[in-house]
Protein chains: 2
Amino acid sequence: MSSSVPNKRIRKSPAARRAEIVAAAAAVALSEGLECITLRRIAEELDVRPGLISHYFPAVEDLVAEAFGEAAGSELDGLLPADRGDATPTQHLARFFARTSGEAYDDISRLWLNARHLSRYRPALRDRVAVQEAAWRNRFEALVRDGVELGEFRTEDPLLAAIQILVVLDGLGMLVNSVDTDDDPPAVRRMPATTAERELGLPAGTLTAAANSN
Amino acid sequence: MSSSVPNKRIRKSPAARRAEIVAAAAAVALSEGLECITLRRIAEELDVRPGLISHYFPAVEDLVAEAFGEAAGSELDGLLPADRGDATPTQHLARFFARTSGEAYDDISRLWLNARHLSRYRPALRDRVAVQEAAWRNRFEALVRDGVELGEFRTEDPLLAAIQILVVLDGLGMLVNSVDTDDDPPAVRRMPATTAERELGLPAGTLTAAANSN
DNA sequence: TTGCCTGTTGGTCGCACACTCAATAGCATT
DNA sequence: AATGCTATTGAGTGTGCGACCAACAGGCAA
């Protein structure tokens, strides 16, 4: 490996080092879980000494919260880009459900499940979860509102619709660590899209129809 | 306290001691969380030495799984008794939603959230979660089927309806550790009942109408 | 090239955890 | 009252964690 011989120290600017630490922690959070964010684990990841992590994050809990925020935030951008480009709200939404149905979304489901549980014991994380939850809801609400204005969706309360859809998505996410997550009925796995179609006044199947263009 | 002076040992039958240990662990799981089930914690609870817990559960993970099963199982019996008595399925269901709406249900929500996350790392727990999940689904399905036969409910697939309702309930349960769990719209908190009414062909409000008899 | 600021190290402390096992002492049986 | 089975203890092992801090050295400024 790269460190079989005592490694030369590399000195970086505080901002760069801090960003690097948060990025490494976010990666660990997504792939292994928030409780795997330890001083030793992240230090090893970056090939530095644990003390250095402590230097930037005197309390590990703050790093955990930061890592969650980073991971959840960038996943949101991947799933529901703030800028729709030239896609219609319906296309955008359909793409969202396509992405959240794949196995690639399992890591994000696990992350949220993880964070929501760990929030019980870690106030800093609890606050971050609240922030990200608001961000997801607002991003979703904006999309709904957009669709309503364009006449594609029909609902009296865009935020309420958004929350309801996300709650159902969370409900399915609860099952992500189950032994047999993929042998319950298709109707169950289609629940988030079905909920969206109902709440937004769309014809059934609109959001799960196979691959809309790009 | 009762142990300020070296305590006299009390010798119990293996079955009794084991049951006592599981009960203590289940109580800790419900009130403080599954990760608080440690040899020391449970031993202190029962005023015995940690080694004794190890004797009955050579691997702590098995105690954790057992404790979850015990807690989830008896909560299910409290929420959806297998024997309905003389209540109609509708009354039974309404009572279920009344109970799952109160703060008393928060501990159960936390337990499920906890277990589903911890399942990621603990195979024994994962299996227990699967067993309990099946138990909850089946108990619920039996109630639905019962209601369908009596002409109170209308659905093509009782198990599917049961699963869908439980998924929504889980989705709300995800929020149990949030800062402001009770300031989202009433429509959100009524989601499980609303889902049930829709899936079972009941008039809106049937299941949330104030206090049915007993 | 030199000097200094500060990012980084290495070592250490105290704590909590699961797990092991020989020795002890309840208590049912006789 | 004596005996023997076995439930229970006490003591110890090793691991991993967060936190702390004096000493070191990279690399920019002079």
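Below, chain A is the first sequence line, B the second, and so on; all start at residue 1.
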> Going through the distances and angles, do A/Met191 and B/Val168 end up as a side chain to side chain contact (heavy atoms under 4.5 Å, CB included)?
Replying inline: CA-CA 9 Å; A/Met191 279 182 70; B/Val168 173; 4.0 Å; yes
> Is the B/Phe68-B/Trp112 ring centre distance short of 6.0 angstrom?
Replying inline: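 Between B/Trp112 and B/Phe68, which both carry aromatic rings, the centre distance is below 6.0 Å.
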I need the [atom1]-[atom2] distance between [X] and [N], as an integer number of Å.
X	N	atom1	atom2	result
A/Leu46	C/dT8	CG	P	11 Å
A/Arg40	C/dG11	CZ	C1'	12 Å
B/Phe57	C/dT20	CZ	P	15 Å
B/His55	C/dA22	NE2	P	15 Å
B/Lys12	C/dG26	NZ	P	15 Å
A/Ile10	C/dT9	CD1	P	9 Å
A/Asp62	D/dG18	CG	P	13 Å
B/Glu20	D/dA7	CD	P	14 Å

Would you say [N] has OP1 or OP2 under 4.0 Å from some side-chain N or O of [X]?
X	N	value
B/Thr38	C/dC17	yes
A/Tyr56	C/dT8	yes
B/Arg18	D/dA7	no
A/Arg49	C/dT8	no

Return the nearest nucleotide to the side chain of [X]; candidates are [options].
X	options	result
A/Leu39	C/dC19, D/dC5, D/dG18	D/dG18
B/Leu52	D/dA25, D/dT8, C/dT9	D/dT8
B/Ser54	C/dC5, C/dT20, D/dC17	C/dT20
A/Arg9	C/dT9, C/dT20, D/dA7	C/dT9
A/Arg11	C/dG7, D/dC5, D/dC17	C/dG7

>> Using side-chain heavy atoms (C-beta onward) and a distance below 4.5 Å, is B/Asp184 in contact with A/Arg137?
In response: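 They are in side-chain contact.
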> Would A/Glu35 and B/His117 count as a side-chain hydrogen bond (donor to acceptor under 3.5 Å, both in side chains) if you check the C-alpha gap in whole Å, the side-chain angles of each, and the deciding distance to 0.1 Å?
Replying inline: CA-CA 11 Å; A/Glu35 29 278 282; B/His117 164 62; 3.1 Å; yes
> When only distance counts, do a donor and an acceptor, one from the side chain of A/Arg17 and one from the base of C/dG7, lie under 3.5 Å apart?
Replying inline: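 Flag unset: no donor-acceptor pair detected.
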> Looking at residues at least two apart in the chain, or sitting in another chain, which of them share a salt bridge (Lys or Arg N to Asp or Glu O under 4.0 Å) with B/Glu75?
Replying inline: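 Checked B/Glu75 against salt bridge (Lys or Arg N to Asp or Glu O under 4.0 Å); zero matches.
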>> Regarding B/Pro50, tell me which of base, sugar-phosphate or nothing describes its non-hydrogen contacts under 4.0 Å with the strands shown.
In response: nothing
